[in-house]
Structure formats: structure tokens, C-alpha cells
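Per chain, numbering begins at 1; letters A, B, ... match sequence-line order.
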There are 2 protein chains.
Amino acid sequence: MARTTGSDGEKTEAAIRAAAIDLIARHGFEAMSMRQLAAEVGVQAAALYRYFPTKQELLFVLMLQHMRGLQQASADAQPVAGTPNQRLRAFVECHIRFHVERRHSTHVSNMELRSLSKDNLTAVLKLRTAYEKQLRQILRDGTESSVFDVEDAGLTAMAIIQMITGVIVWFRPDDRLSVEEVARSYHTMTRRLVGADEIQEENHVHAVHELRI
Amino acid sequence: MARTTGSDGEKTEAAIRAAAIDLIARHGFEAMSMRQLAAEVGVQAAALYRYFPTKQELLFVLMLQHMRGLQQASADAQPVAGTPNQRLRAFVECHIRFHVERRHSTHVSNMELRSLSKDNLTAVLKLRTAYEKQLRQILRDGTESSVFDVEDAGLTAMAIIQMITGVIVWFRPDDRLSVEEVARSYHTMTRRLVGADEIQEENHVHAVHELRI
DNA sequence: TTGTTAATAAAACGAACGTTCAATTAATTC
DNA sequence: GAATTAATTGAACGTTCGTTTTATTAACAA
């Protein structure tokens, strides 16, 4: 046999990406074989190489896609000229929503960094660092204008990111809590963590809330 | 060749464990081959099977060792009849010290869960859950006696654990901050996160401090 | 309809994998 | 010093890996 009826390059590539994210998230990149991936897509292993030259390149593409999506979502969620409190809220809640909605993709991007080649790792880390820089800037701005009380912006940013990314470790879509409830809870904890001014905070929450609805 | 001069079973086993932790942490369990591990130890691959019947069993033993060490360290650090604030401080600082001092071992235990067989995973998760239960209890006790203000003890416990375990992702021993400084910073953030009473807290910090020196 | 291109199958490549087995030597015991 | 046990080697097992090559068919354009 050869080309099958109804075969379509775009659909096949999309199916490969989706199946790869699923398999890598569940079993790990090294543990997933190209034959296993091909079987999941419903195709022979050789067909995968029409779309991705190597297994390594496939992983790299998936991670780039994830990081760009995160950057985009974050940029879209940020208020144009928000206060530090508004920006922090937007960052935290967007981060949690994005990661919960793309659990598998997030798992791949967080757990498989060591499977990247040196150059590809550098490229992905560059995007990641740029993303994290946003949070550091929010913390610094808030501290400067005295709405936050943060000792070390770098350390605090890392602590917050670890905390809010960790949601995907325990959260399941059919949990007793909804994504929105979780996002709100984590935002509350984050606010406390940065020593956000309580009264000012309430105003900001409402302001942002109104903007969103 | 066969048995080498100066060969000693106990030393070889210890060397295998140490090398395995190092290699798995750096490259991942699936990516580490038994031949690679053997080479690191300075031995042939077949020799490994004198100490561990399978690669899977090796991983399992390493994780059990890690979890038991963590349980022990945590138990040793807990004050016999401490206040929630004292217990929280002991838990957080002990956790950070332990994880920073055993970065590689922690990496293995956190990242390679999916490489465990079903039964082995169950056993390791049981230990992990028991450990996390301690923190939930501290949060509940503190909330009950109104020294903490925690909405959801389960969710907050997970958030704290993710945050304080995340230290190993960015912390390096030769960093600008010492382990003790980091532990203190994270404890401060944790206190804020659980809404710990400020004045009472100061007293507790000093009390614990005096106990320790 | 014919020629071209896109998409895939089928088979094969050498290399590496976890693991086993028999042989061999060092250390220990009697 | 002989017998036994502990520790290890070296070679081999069958399997699976990522990848390449070649042939074959579907879809499409002229």
C-alpha cells in the first residue's frame, strides 16, 4: 500500500502534534517511540518523517508552540495601563487558566527540557526567561510604588511561578473546584505572598472585574 | 577477567546508587542505560544485576530511600509540642534544607514517578501523601486556633509544597544566597501566604531560634 | 487523460537496549 | 593450602530503537 484515501498533510501533522503531546506527557519523551506515536495517529512510523525530520525536532516544535501560546495569552490578558495589582492578578489568573487548559502541553514543556539538544534548550529557555521577566517587573513596580512589600523580586517571582504552575500536578478538570475558583484562590495567596495592600487591593479587584465582564 | 582486587560489595552498591541518582537526575531514567551507569561506576553492566534485579527495582529503591530520609528529617525537625507557627516554620525550613542538600535525589523522586511500575508508584505515593498530610494538619490546627487564616487547607498545602520544592529548580549551591537565607525567605513568604498573625509570629521565631542554638 | 506531486506503506539499516549465563579470579574460611 | 564464597568479566540473547530507502497509490493540474 501507499497513499491512503482521504489522507491530508495538514490533518496528519495536527494529529501527530496532538498525539505526541499526549504520549510524551503520559510516558515521557524518551519512553515514547516513533512507532508508538505513529500507531496512535494511525499511520506508519516512516510517515512521521514527512512532517518532522527527527524526534528531537518534533519535541522542539511542540515546546516552541507552547511557549508562544503562553506569551500570546499573557500579552492578551495584560491590561494596557494597569496598576501592579491589576497586572499581578491578570498574570496569575491567565497563567493558571492557560496551564490547566493545556495540562499535557505544560507537562511536556516543564518535564522534558533535559531531552532538548543544547541549542534547542537555549532557544526555549530564552522564551521562558522572557515570560518570567514580566512577573519580576510587576513585582518591582509594585514594590517601588509601595503597593507590594517584596524583599527579593527575583526569588519571589520564582516562588510564585513554581506555586502557580504546580496547579497542574494535582488539579483535575472534574475536581470539586472549578478552574476559576482555583485561579481566584491562587491569586489570593499570591497577593498575600507579595504583601499587597489590602484596601487598595479590593478596589483593584473590582476594577479588573468590571473590565472583564 | 573476573573479580577485581579490592572489590567490595557494599562499596559497589553505594557507588551504584550515587551514580544512578546523578545520571537519572541529569538525563532522566529512560535515557540512562545500564551500560552508561556501569561505566560511571567503573564496572561492567552485568555486575549491576548482582545488586538490583532490574532497572525498575533500582529506581524504586532510590525513591524509597529518598522518601524515608525526608520523613526522618521532618520528624527530627518537628518540635515536640510546638505551636502551629513553630511547626510550620520547622516544616518549611527542614523541607528546603533537605531538598537543596539532595537536589539530584529530589529531582529523581519528583520527575520519574511515571517511570515506576503501578505497584511501585502506589507505594511511593503512599509515603508522599503521608508526608504532605503533616502540612495539612499544621494548617488546620493553625486555622482552628485562629493564628492562620486559611480558606482551603488542602489547596493551600499543595500550593506551599509546590512553592518550597521549586527551590531546587533555580537554586545553585554557589548562589548569591545561602541555603539558610533562602529557607528564611521562603518561610516568610509561607507565613504571609497562610495569613499568620504577625505579632505572635515574631515571638515564635525567637522562641524556635533559641531552642535551636 | 496524462503527468506531476503529495502522502503513505513496507521493508530494511545498524545501533543500542535490558538482561542472562558461563567462566574466572579475589577474598575468606577451615 | 585446599575448599568455598563473593565479585566481576565478557560474550551473547532477542528485542526495540530512530531513521532511511524504495515503491506505490491518491489527489490534483494541464
Applying side-chain contact (heavy atoms from CB on, under 4.5 Å) to Glu40(B) and not counting sequence neighbours gives Ala19(B), Leu23(B)
Could you pull out all residues at least two apart from Thr190(B) that satisfy side chain to side chain donor-acceptor pair (under 3.5 Å)?
none
Send over the distance from Arg50(B) CZ to dA22(C) P, rounded to a whole Å.
16 Å
Would you say a side-chain N or O of Thr12(A) is under 4.0 Å from OP1 or OP2 of dT8(C)?
yes
Of all residues at least two apart in sequence or in a different chain, which pass the side chain to side chain donor-acceptor pair (under 3.5 Å) check with Arg26(B)?
Asp22(B)
Spacing between Ile16(A) atom CD1 and dA7(C) atom C1', to the nearest angstrom:
11 Å
Would you call Met67(A) and Leu70(A) a side-chain contact if the rule is heavy atoms closer than 4.5 Å?
yes
Quickly work out the Glu13(B) CD to dA6(D) P distance and round it to whole Å.
15 Å
Whole angstroms only, please: what is the CG-C1' distance between Leu48(B) and dT9(D)?
12 Å
To the nearest angstrom, the CG-C1' distance between Leu58(B) and dT19(C) comes to 14 Å
Filtered N/O pairs between nucleotides 17-20 of chain D and protein, under 3.5 Å:
unit_1, atom_1, unit_2, atom_2, d
dC17(D), OP1, Ser33(A), OG, 3.4
dG18(D), OP1, Met32(A), O, 3.2
dG18(D), OP1, Lys55(A), NZ, 2.8
dG18(D), OP2, Met34(A), N, 2.8
dG18(D), N7, Arg35(A), NH1, 2.8
dG18(D), O6, Arg35(A), NH2, 2.7
dT19(D), OP2, Tyr49(A), OH, 2.8
dT19(D), OP2, Lys55(A), N, 2.8
dT19(D), O5', Tyr49(A), OH, 3.4

For dG10(D), does either OP1 or OP2 sit under 4.0 Å from a side-chain N or O belonging to Gln44(B)?
yes
Any residue meeting side chain to side chain donor-acceptor pair (under 3.5 Å) with Asp76(B), in chain and number order, not counting sequence neighbours
Gln72(B)
Proximal nucleotide (of dT9(D), dA9(C), dA7(D)) relative to the Ala47(B) side chain:
dT9(D)
Partner residues of Glu101(B) under the side chain to side chain donor-acceptor pair (under 3.5 Å) criterion, sequence neighbours left out:
none
